[in-house]
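This report concerns only the one structure given below.
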Amino acid sequence: MTNTQPAILGFDPGRDKCGVAVMGLDRQLYYHQVVPAADAIAHIESLRQKFPISLVVMGDQTTAKKWKQQLNQELTDKLNIILVDERYSTLEARDRYWQMFPPTGLTKLLPKGMRQPPRPIDDIVAILLIERYLNRLTSSSLSDN
């Protein structure tokens, strides 16, 4: 799939696994995946071959500084990296998971707060980070008027 619109890469880095998502400025979601941390940089490089990624949006917590440094050192072409507030993103991602993949069977009967997604949701955190960045952009451009 080739797209001419600039895309944003959401990156939720972790020690063992990382969430990766690619979204257009129009909020169209092109890709999301949880990848092993060891493969994250290679994975980002391959995504850059497929999508016109203009910047990386990354959570600002635990391993952010180390990952930012690593991305700057190891990516073939430098990318702008923007850190966004990732507080509560895991809780939000859990709710979003069930919106994207509605529960079936017995899971449907569980109270919402007790439902655990059946897989890691780091990729959904990456989607939320992009949305937080875009929301910040649109709210600041609205307040400039």
Side-chain angles (χ1 to χ4, degrees), residues 1-72 74-75 79-144:
M1 188 218 87
T2 52
N3 190 328
T4 52
Q5 178 176 201
I8 298 172
L9 180 105
F11 185 54
D12 178 38
R15 269 201 328 266
D16 305 317
K17 60 190 179 350
C18 298
V20 182
V22 179
M23 185 183 285
L25 294 178
D26 59 357
R27 295 177 184 255
Q28 173 85 40
L29 181 63
Y30 298 123
Y31 178 89
H32 61 99
Q33 190 72 50
V34 177
V35 299
D39 303 341
I41 303 239
H43 200 80
I44 290 171
E45 289 285 17
S46 78
L47 287 172
R48 290 177 77 185
Q49 307 300 309
K50 294 182 189 130
F51 303 101
I53 294 168
S54 56
L55 81 127
V56 175
V57 175
M58 191 166 83
D60 61 0
Q61 299 294 299
T62 350
T63 56
K65 278 195 179 76
K66 184 177 91 61
W67 271 104
K68 186 174 181 179
Q69 191 178 358
Q70 201 174 337
L71 287 170
N72 280 328
E74 295 181 32
L75 288 176
L79 264 175
N80 242 348
I81 300 172
I82 295 183
L83 298 179
V84 294
D85 182 2
E86 70 173 287
R87 275 178 302 195
Y88 312 115
S89 57
T90 305
L91 287 171
E92 208 180 313
R94 198 165 66 185
D95 290 344
R96 178 67 64 87
Y97 174 87
W98 294 115
Q99 284 170 16
M100 293 168 74
F101 308 99
T104 55
L106 292 174
T107 315
K108 233 188 335 205
L109 303 174
L110 284 174
K112 213 169 128 188
M114 290 179 69
R115 287 183 203 147
Q116 286 299 326
R119 65 165 184 82
I121 54 172
D122 309 65
D123 57 331
I124 297 172
V125 171
I127 294 168
L128 293 172
L129 294 174
I130 297 172
E131 289 175 352
R132 286 181 180 190
Y133 170 74
L134 289 172
N135 290 344
R136 214 170 61 189
L137 276 189
T138 49
S139 65
S140 65
S141 66
L142 292 173
S143 59
D144 292 343

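Nothing fancy with the numbering, it's 1 onward along the sequence.
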Does some side-chain heavy atom of L29 sit less than 4.5 Å from a side-chain heavy atom of I127?
yes
Using a 3.5 Å distance criterion without hydrogens, assess whether the side chain of E86 forms a donor-acceptor pair with backbone atoms of Q61.
yes
Compare all side-chain heavy atoms of V20 with those of L47 and state whether any distance is below 4.5 angstrom.
yes
Verdict with supporting geometry, L71 and L79, side chain to side chain contact (heavy atoms under 4.5 Å, CB included):
CA-CA 8 Å; L71 287 170; L79 264 175; over 6 Å; no
Indicate yes or no: at least one non-hydrogen side-chain atom of R27 is less than 4.5 angstrom from one of L134.
yes
Between R119 and F101, is a side chain to side chain contact (heavy atoms under 4.5 Å, CB included) present by the stated rule, with each step listed?
CA-CA 11 Å; R119 65 165 184 82; F101 308 99; 3.7 Å; yes
Sub-3.5 Å donor-acceptor pair from the side chain of S89 to the main-chain atoms of V125, do we have one?
no
Aromatic ring pairing F11/W67, orientation class (parallel under 30°, perpendicular over 60°, tilted between)
perpendicular
Indicate yes or no: at least one non-hydrogen side-chain atom of Y97 is less than 4.5 angstrom from one of P118.
yes
Are I8 and V22 side-chain neighbours, meaning at least one heavy-atom pair lies under 4.5 Å?
no
Pair K50 + E45, salt bridge at N-O below 4.0 Å:
no
Give, for atom CG of D95 and atom OG1 of T90, the distance between the pair rounded to the nearest 0.5 Å.
11.5 Å
Any donor-acceptor pair under 3.5 Å from R132 side chain to V84 backbone:
no
Smallest heavy-atom separation, A64 atom then L83 atom, equals CB-CD2, 4.2 Å
Between R96 and E131, does a side chain to side chain contact (heavy atoms under 4.5 Å, CB included) hold up when you go through it step by step?
CA-CA 12 Å; R96 178 67 64 87; E131 289 175 352; 2.8 Å; yes
Heavy-atom nearest pair, C18 first then A40, reads SG-CB, 4.0 Å
Here the pair of heavy atoms bringing G10 nearest to I130 is N-CD1, 3.3 Å
Minimal non-hydrogen separation, I124 against A93, with atom names:
CG2-O, 3.6 Å
Would you mind checking if R87 and E92 are paired as a salt bridge, meaning a charged N to carboxylate O distance below 4.0 Å?
no
Kindly say whether I41 contributes a backbone atom to a donor-acceptor pair with the side chain of E74 at under 3.5 angstrom?
no
Main chain of P117, side chain of R94: is a donor-acceptor contact present, judged purely on distance under 3.5 Å?
no
Please identify which of these residues, L129, L55, D60, meets the side-chain contact (heavy atoms from CB on, under 4.5 Å) condition with I82.
L55
Measure the spacing between CD1 of I44 and CG of D39 and express it to the nearest 0.5 Å.
11.0 Å
Kindly compute the distance separating CD1 (I53) from OH (Y31), expressed to the nearest 0.5 Å.
10.0 Å
When you look at R115 and W98, which way does the side chain to side chain contact (heavy atoms under 4.5 Å, CB included) test go after all the steps?
CA-CA 9 Å; R115 287 183 203 147; W98 294 115; 3.4 Å; yes
Once you round to the nearest 0.5 Å, how far does CE of M58 lie from CD1 of I81?
6.0 Å
Crowded around L109 CG? As in, over 12 foreign heavy atoms under 6.0 Å?
yes
Measuring only between side-chain heavy atoms, which start at C-beta, is K17 closer than 4.5 Å to P120?
yes
What are the two closest non-hydrogen atoms of K108 and P103, and how far apart are they?
CG-O, 3.4 Å
